Amino acid sequence: MSVRDVETDIVANMRHPRRTAGTVPEAGAPEADAPEVDHRAAGTAALVALFREHQLGLARTALMIVGDRATAEDVVQDAFVDLYRRIDRLTDHDRMLPYARAAVVNKCRTVLRRRKLAFRSGRTHEPPVWSAESAAMLGEERREVFLALRRLPQRRREALVLRYYLDLDEREIAEIMGIGVGTVRSTVSRALAALADLLGEEA
Amino acid sequence: MTRTEERLRDAFGAAADSMPDGSLAPLTVPARRRRRPWTVPVAVAAGLAAVVVGGTALGGVIPRTVHGNAAAGGDGPRYIVAIRDGRAVVESAAGQGLSKAAPLSGHYEAVAATGDGRTFFLAGKAGGDAYAFYRLTLTANGTPSAPQPLPGGTVRLDTGFGKPENLAASPDGTRLAVVGTAGGRPEAVVVDVRTGGHRTWTAPGAGTVTSATWAPDDRTLGFIQTPASPSGQAVLRLLDTRRPGADLLSSRVLRPAEITGARVNGLINVFVLNPDGRTATAQIQGAKHGRDDDASYALATLSAADGRPTGRAVPLPGDSFFVKADGSGEHFLQLIDGRPGRVDGGAFTWLSSAADYDDLAW
């Protein structure tokens, strides 16, 4: 089944079956339901399109924050499931991408909180991007960057990922992180200085 | 742009490239039924029938979103990957028995799990007696990725993938072990799933190697080696795969496969090294008796240090030549004449009445 098929399926699921077929609704299925159902179908279609276009970018963003691919992928899936549950309230489809980005960043925070507990049992999903195994793929220099990033406070790490991976401006970052534009500016600046210090470079 | 900013962008770009386009699992969203206004809360709570890209709508299953590590825990793993009639399928083990969740394309002969509840490896025939391997991941709600071929080409096996186990995945998911006979000689091959590199150990002469199992250190490979001569004794061995050399028999003998004692008595057909690092679980076939050579079967715990039995044995209902542990080491899969079962807390229960299972893992 293709992405298109999924979209069709989801939208079909949301549509009033008789209305789609052009027949008269039965008693107990009031006409008043129809606009609500159409709105939901349109929202779902927009969400599917958003996922299709931005899944990879969002998963890569999560990868930079949580460190491993499987978790990053789950984070994006979970974020979209949450958005889908709130589809009735997502009336402005142009705003879905910022919502999705914020949802992904929030899910990453949740994962990292849980991971502190998981580390006690000594298990991780798979070697993170800062692990020795990853050095073979990324190279030692890049691994050093991720090791340094990992040592930064979580909010600083998020700010750097949003700024230097997604290339978002300060206003967009502020919206996603739920902080002021000025705070973004200072957070990025301090994060860069701390990172340079950890890497033994001039800020 | 400062040097730090340059390095940051470069590292992000390289890490992003490690997650290539087209390699991600498809979108899974809850499909909701048409509802009356008063059913909204119920629909949100109960309406989790998934729609899957690249597969089939999940028939009749109610997948649950699982957060964090899906391995282990009270009731055991939520999902298994099974090979049924040559097809791989994800099945839900969350309720009573098994229910089909999602089929996968392609034909496969064996499946191995890392124990994290989400990473699996499949073996499929690649022509002749050569086999190729694929990595499969499940999302938190059991949606499978498309199986990704592992690099490094194929492994030849004269014996193919039967039971007891020929395929095992290391708990960290970085290495696969394939044991069997190649060119008439017993052989163990370890495949690095990232680089595709192979390392091979062989034993002189004829004989068999079965029951591949990894220790939680991700470097010790356990197996059963059976010499060809009728007088030869089968033994459970532990091979340190980080040490140099290619001699399979340089591995340490854990114990003879024949086991006698007050607790259990018989022959070990297959065993798994448990995640605790201290114990192993072995399936033991008791002495044959009666006119039809009936035998009793049991699952017993052994010490991983010296192979001695510890604890009680769990009786099994039939001819079991199979045992696979989950990531916690508290739940064990069984496959008896093609029918799956499980052992939890000292008790066996059937998972399905279907008897077309070739292999399964969780």
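We name chains A, B, ... by the order of the sequence lines, and we start the count at 1 in each one. Since this is a predicted model, take the numbers as computed values, not measurements.
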One should read off an interatomic distance between B/Asp10 CG and A/Glu141 CD, to the nearest 0.5 angstrom, of 8.0 Å

Give a yes or no on whether A/Glu53 atom CD has more than 12 heavy-atom contacts from other residues, nucleotides or ligands under 6.0 Å away. no

Side chain, backbone, both or neither: which part of A/Ala72 has an atom under 4.5 Å from a heavy atom of chain B? side chain

How close do B/Ala15 and A/Met64 get, heavy atom to heavy atom, and via which atoms? CB-SD, 3.9 Å

B/Phe12 vs A/Leu166, test: side-chain contact (heavy atoms from CB on, under 4.5 Å). Steps then yes/no. CA-CA 10 Å; B/Phe12 283 157; A/Leu166 284 187; over 6 Å; no

Taking atom CZ as the centre, does B/Arg242 end up with more than 12 heavy-atom neighbours from other residues, nucleotides or ligands that are less than 6.0 angstrom away? yes

When rounded to the nearest 0.5 angstrom, what is the spacing between CG in A/Leu199 and CZ in B/Arg7? 5.0 Å

Tell me if a side-chain donor or acceptor on B/Arg118 pairs with a main-chain N or O of A/Ala70 at a distance below 3.5 Å. yes

Please identify, among B/Arg3, B/Glu5, B/Met19, the residue contributing the most non-hydrogen atom pairs under 4.5 Å to chain A. B/Met19

Do the side chains of A/Leu192 and B/Leu8 get nearer than 4.5 Å, heavy atoms only? yes

Side chain, backbone, both or neither: which part of A/Val76 has a non-hydrogen atom closer than 4.5 Å to chain B? neither

Can you tell me if CZ on B/Arg219 sees more than 12 non-hydrogen neighbours from other groups inside 6.0 Å? yes

Heavy atoms of other groups near A/Arg151 CZ, more than 12 under 6.0 Å: no

Say whether, by atom type as modelled, one donor and one acceptor occur between the side chain of A/Arg142 and the main chain of B/Ala11 under 3.5 angstrom. no

One should read off an interatomic distance between A/Glu201 CD and B/Thr4 OG1, to the nearest 0.5 angstrom, of 4.0 Å

What residue, out of A/Val145, A/Leu149, A/Thr61, has the most heavy-atom pairs lying under 4.5 Å from chain B? A/Val145

Could you tell me if the side chain of A/Leu63 sits less than 4.5 Å from the side chain of B/Ser18, heavy atoms only? yes

